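Have a look at the structure below before the remarks.
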Amino acid sequence: MPQDFNFTRTVVSHGWYALPPFSYDEKTGVLERVLELQDGSIVNCSLNSGRRSVQARLEVKSNESDQTTEIRKQLRTCLRLDEDFTEFHRDVSLHKEFRWLQGTGSGRLLRAPTAFEDLVKMLCTTNCTWALTTVIVTNLVRLLGRRAPNGNSTFPSPSAIASKSETFLRRKIKAGYRAPYLLELSRRVASGDLNVEAWRATSLSTADLLKQLRAIKGIGPYAAENMLKLLGRYDHLGLDSWVRARYYRLHHAGRKVKDTTIQARYNKYGKWRGLLFWLEMTRSWHERG
DNA sequence: GCGTCCAGGTCTACC
DNA sequence: GGTAGACCTGGACGC
């Protein structure tokens with residue numbers, strides 16, 4: 001476990017913890033997650049921070065060593081435990097306005113076991129309230145995921161979504177006008193035409209990766225730039241109405257400014273600007289962890 | 001309870 | 001390259 005890892009801050013780093021197949025109990029500090037393994041088995045995992053806040057404990061009911069290895073791998077992926085943040089914390093220490101971050105273990109953003117799940121969820125956050133995002137993702141998991149013994153379900157596979165009609169996605173999943181985008185993305189991934197999982201380890205430049213993301217129907221600047229953060233690239237801000245409003249309050253007494261003004265303020269932070277921007281906008285979340 | 005309006009990103013057509 | 005309108009839903013609001 002990296003010394004600069006903080007379980008709670010990673011879990012509540014953004015809204016993913018509240019979307020199934022994740023669930024989080026703030027009182028007990030337990031993060032639940034349903035995982036599907038390569039052999040087709042489905043397991044329910046419980047994670048908590050243990051006695052020391054920098055350690056996570058896995059409670060997995062599986063006796064198969066192969067399964068345990070795969071479960072650990074998937075959970076490490078979600079918590080970004082294999083991502084090195086040494087350089088980030090060293091660079092941040094050079095900026096006095098971010099001294100409050102020192103020693104907090106902030107920086108890791110929770111993600112799904114697969115890039116496909118992250119991408120679908122990102123698509124489901126576009127042009128709607130968080131309440132509607134929750135409805136769409138919950139419907140996807142409930143109606144198209146595979147059921148675990150405890151009644152919870154996995155996130156649906158690309159082929160499970162691709163096998164449904166646009167009308168089903170529109171009406172039953174409540175994806176609305178996003179339905180054709182969701183269907184096209186799932187079909188391309190299921191057919192092998194688009195390998196989004198490769199993006200997590202690609203040597204492509206961030207600019208080229210951004211181009212590929214933007215080529216997906218329904219993924220605009222906001223969704224693509226925030227997806228980049230879940231791929232380990234932090235040099236874009238990923239502006240939406242919520243962070244803009246937050247920024248206006250924090251730095252301009254609520255007065256609106258141009259996006260270029262916001263971007264100019266964070267340019268000096270180089271490749272970490274997107275992550276520092278997000279951490280600053282959500283500082284109150286981190287301080288409760 | 002019903003109707004209207006608005007917010008929320010992205011796409012497409014148009015200038 | 002910039003802009004306007006459409007897309008769909010939930011919530012707020014007025015009646």
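What you see is a predicted model; the values in this text were computed from it and never measured. Order of the sequence lines sets the chain letters (A, B, ...), proteins ahead of strands, with each chain counted from 1. What you see below is based on every heavy atom in this structure, not just the backbone, and it leaves out hydrogens, waters and symmetry mates.
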Just checking Glu97(A): does its CD atom have more than 12 heavy atoms from other residues, nucleotides or ligands closer to it than 6.0 angstrom?
yes
From the list dT10(B), dG8(B), dC11(B), which nucleotide is the closest neighbour of the side chain of Cys128(A)?
dG8(B)
dG8(B) C1' sits how many Å from Tyr181(A) OH, rounded?
14 Å
Are the ring centres of Tyr247(A) and His251(A) closer than 6.0 Å?
yes
N-O pairing of Arg108(A) and Glu83(A) below 4.0 Å:
no
Rounded interatomic separation in angstrom, taking CG from Leu182(A) and C1' from dG9(B)
16 Å
dC11(B) P sits how many Å from Asn127(A) CG, rounded?
11 Å
What is the nucleic acid contact for Ile216(A), judged by heavy atoms within less than 4.0 Å: base, sugar-phosphate only, or nothing?
sugar-phosphate
Is there side-chain contact between Trp272(A) and Glu87(A), with heavy atoms separated by less than 4.5 Å?
yes
Identify the 5'-most and 3'-most nucleotides of DNA chain C with at least one atom closer than 4.0 Å to a non-hydrogen atom of chain A.
dC7(C) to dG10(C)
Find out whether Phe155(A) and Val34(A) are in side-chain contact, i.e. whether some heavy atom of one side chain is under 4.5 Å from a heavy atom of the other.
no
Charged N to carboxylate O under 4.0 angstrom, Glu225(A) versus Lys229(A)?
no
Tell me: CG of Leu132(A) to C1' of dA7(B), nearest whole Å?
12 Å
Which whole-number value in Å describes the distance from Lys217(A) NZ to dG9(B) C1'?
16 Å
Under a 4.0 Å heavy-atom cut-off, which of residues 221-245 of chain A touch DNA chain B?
Pro221(A), Tyr222(A), Ala223(A), Asp240(A), Ser241(A)
One thing to verify: whether Asp4(A) and Arg90(A) come together as a salt bridge, which I'm taking to mean a side-chain N less than 4.0 angstrom from a carboxylate O.
no
